[in-house]
Amino acid sequence: MPCPTLEPTVLTGDRPTGPLHLGHFVGSLRTRIELQHETRQFLFLADAQALTDNVGRHQKVADNVVEVALDYLAVGIDPDRSTIFIQSQVPELAELSQYLLNLVTVSRLERNPTIKEEIRQRGFERDIPAGFLTYPVSQAADITAFKATRIPVGDDQLPMIEQTNELVRKFNNAVGRDVLLECEAILSSVPRLPGIDGKAKMSKSLGNAIALNASEDEITRAVRMMYTDPNHLRAQDPGQVEGNVVFAFLDVFEPDAEKLSALKAHYRRGGLGDSVLKRILDRHLQELLGPIRTERRRFANDREEILAMLRKGTVRAREVAACTLSEVKAALGLNYFG
Ligand code: TRP
């Protein structure tokens with residue numbers, strides 16, 4: 001039975017290792033909120049992927065599934081428009097990964113720049129869990145099972161998209177027809193947010209993130225701690241805008257472009273203190289995150305309802321993944337019983 005023809009599909013996942021932060025929001029969450037109004041969209045909690053480097057911390061991963069789902073709802077992902085599901089509850093994804101794994105070499109996996117960087121960060125060196133090394137293949141299964149063609153992600157995920165497309169081409173070539181679809185990344189139009197410590201990437205594990213569920217005080221403290229220009233000791237001194245985290249944030253969160261360039265000029269000239277800038281940024285972040293926090297609290301009161309929503313989404317997702325998997329198996333001649 002051929003699968004129903006699909007509308008163009010957008011898909012992304014997030015590893016549930018902690019609540020989402022501003023980096024996620026700017027990187028792809030905002031895009032996803034917009035896209036749900038124009039296309040079919042799947043979002044999922046990549047709990048199985050999170051387990052590839054969280055052995056022994058499985059309870060943390062399981063607990064954060066609902067937390068990330070709450071973040072989705074709090075920022076305005078609408079479960080009537082977007083299908084939200086739990087990766088581990090769609091076993092078809094694991095089965096599809098198994099077939100895709102035959103189409104990639106170990107050395108190709110070892111060359112994936114994102115994997116390389118993550119191996120370095122985690123200190124795996126030679127002791128790399130096989131599941132970790134191969135997670136880009138499971139990610140390719142996530143994408144292709146839904147015939148998703150547009151993937152809103154941060155630029156660190158580009159190597160994953162490239163590997164997915166290689167697998168798609170190899171598979172289609174091997175079976176002699178186009179069963180799986182290639183995809184493309186949708187990158188955010190604004191630059192990536194640095195961590196509050198000035199490191200290039202905001203990340204919960206680096207301890208330099210501002211969570212979407214941060215309290216008012218936590219936001220203010222994070223802004224106060226933000227790395228600025230270490231040589232800008234007195235307000236009257238000239239300061240540097242480049243590499244200054246407060247300006248990197250204002251570039252994203254200050255809507256008044258004229259005001260922003262005036263602030264930059266003033267800072268460069270001297271006479272503008274860090275605390276003035278930080279107050280402006282604090283106000284913007286409080287305005288953005290306040291309503292998200294309120295929404296989150298509203299949804300958090302009814303965990304049963306969140307689970308029911310996730311169950312419904314997972315059932316819907318399974319139907320689509322199962323259909324693709326049956327096409328894949330048929331293409332490989334694994335349809336013995338018709
Ligand atoms: N790797 C992504 C992350 O680091 C999560 C993810 C899993 C994903 N499968 C995906 C993203 C498929 C986009 C498409 O959070």
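This one's a predicted model, so the numbers in the text were calculated from it and none came from an experiment. Ligands are counted one by one from 1 in listed order, and the atoms in each one are counted from 1 as well. Heavy-atom basis, side chains included; hydrogens, waters and symmetry copies ignored.
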S.K.: Can you confirm whether the side chains of Gln286 and Asp282 place a donor and an acceptor under 3.5 Å from each other?
M.R.: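 The criterion, which ignores hydrogens and geometry beyond distance, is satisfied for Asp282 and Gln286.
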S.K.: Please report the C-alpha distance between Glu182 and Arg169 in whole Å, then the side-chain angles of each, then the deciding distance to 0.1 Å, and finally whether the salt bridge (Lys or Arg N to Asp or Glu O under 4.0 Å) criterion is met.
M.R.: CA-CA 8 Å; Glu182 288 191 43; Arg169 287 192 289 269; 3.0 Å; yes
S.K.: When only distance counts, is Gln87 in polar contact with ligand 1, meaning an N/O pair under 3.5 Å?
M.R.: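 In fact, backbone or side chain, Gln87 has no N or O that close.
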S.K.: Check for me whether the distance between the ring centres of Phe146 and Phe44 falls short of 6.0 Å.
M.R.: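 Between Phe146 and Phe44, the centre distance exceeds or equals 6.0 Å.
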S.K.: For ligand 1, which atoms, with element, lie under 4.0 Å from some heavy atom of Phe44?
M.R.: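 The list of qualifying atoms is 7 (C), 9 (N), 10 (C), 12 (C).
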S.K.: Identify which of Asp156, Leu11, Asp142 has a heavy atom lying nearest to atom 14 (C) of ligand 1.
M.R.: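 Among Asp156, Leu11, Asp142, the closest heavy atom to atom 14 (C) of ligand 1 belongs to Leu11.
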S.K.: Under 4.0 Å from a heavy atom of Ile151: give me the atoms of ligand 1 that qualify, with their elements.
M.R.: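 Answer for ligand 1: 13 (C), 14 (C).
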S.K.: Could you state whether Leu51 and Ile115 fall into the same hydrophobic cluster, counting links through intermediate Ile, Leu, Val, Met, Phe, Trp or Tyr residues with side-chain heavy atoms under 4.5 angstrom apart?
M.R.: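 No; tracing contacts between hydrophobic side chains, which count when under 4.5 Å, never links both residues.
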S.K.: Would you mind telling me if ligand 1 is within reach of the side chain of Met160, the backbone, both or neither, using heavy atoms under 4.0 Å?
M.R.: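 For Met160, there is no contact with ligand 1 at all, from either part.
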S.K.: Nearest to atom 12 (C) of ligand 1, what protein heavy atom do you find, and at what distance?
M.R.: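 Going by distance alone, atom 12 (C) of ligand 1 is nearest to Gln139 CG, 3.5 Å.
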S.K.: What protein heavy atom lies closest to atom 3 (C) of ligand 1? Include the residue and the distance to one decimal.
M.R.: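 Ranking protein heavy atoms by distance from atom 3 (C) of ligand 1, first comes Arg15 NE, 3.7 Å.
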S.K.: Would you say the ring centroid of Tyr267 lies under 6.0 angstrom from that of His232?
M.R.: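 Under 6.0 Å, so yes.
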S.K.: What's the shortest distance from atom 5 (C) of ligand 1 to any protein heavy atom, and which residue and atom give it?
M.R.: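 Answer for atom 5 (C) of ligand 1: Gly13 O, 3.3 Å.
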S.K.: With a 4.0 Å cut-off, would you call Arg298 and Glu295 a salt bridge?
M.R.: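 Counted as a salt bridge, because a side-chain N and a carboxylate O are separated by less than 4.0 Å.
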S.K.: Heavy-atom contacts under 4.0 Å between Gln49 and ligand 1: side chain, backbone, both, or neither?
M.R.: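 Within the 4.0 Å criterion, Gln49 contacts ligand 1 through side-chain atoms alone.
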S.K.: Report yes or no: is the cationic atom of Arg316 (NZ for Lys, CZ for Arg) under 6.0 Å from the centre of the six-membered ring of Phe42, at an angle within 45° of the ring normal?
M.R.: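 Judged by the rule, Arg316 and Phe42 form no cation-pi pair.
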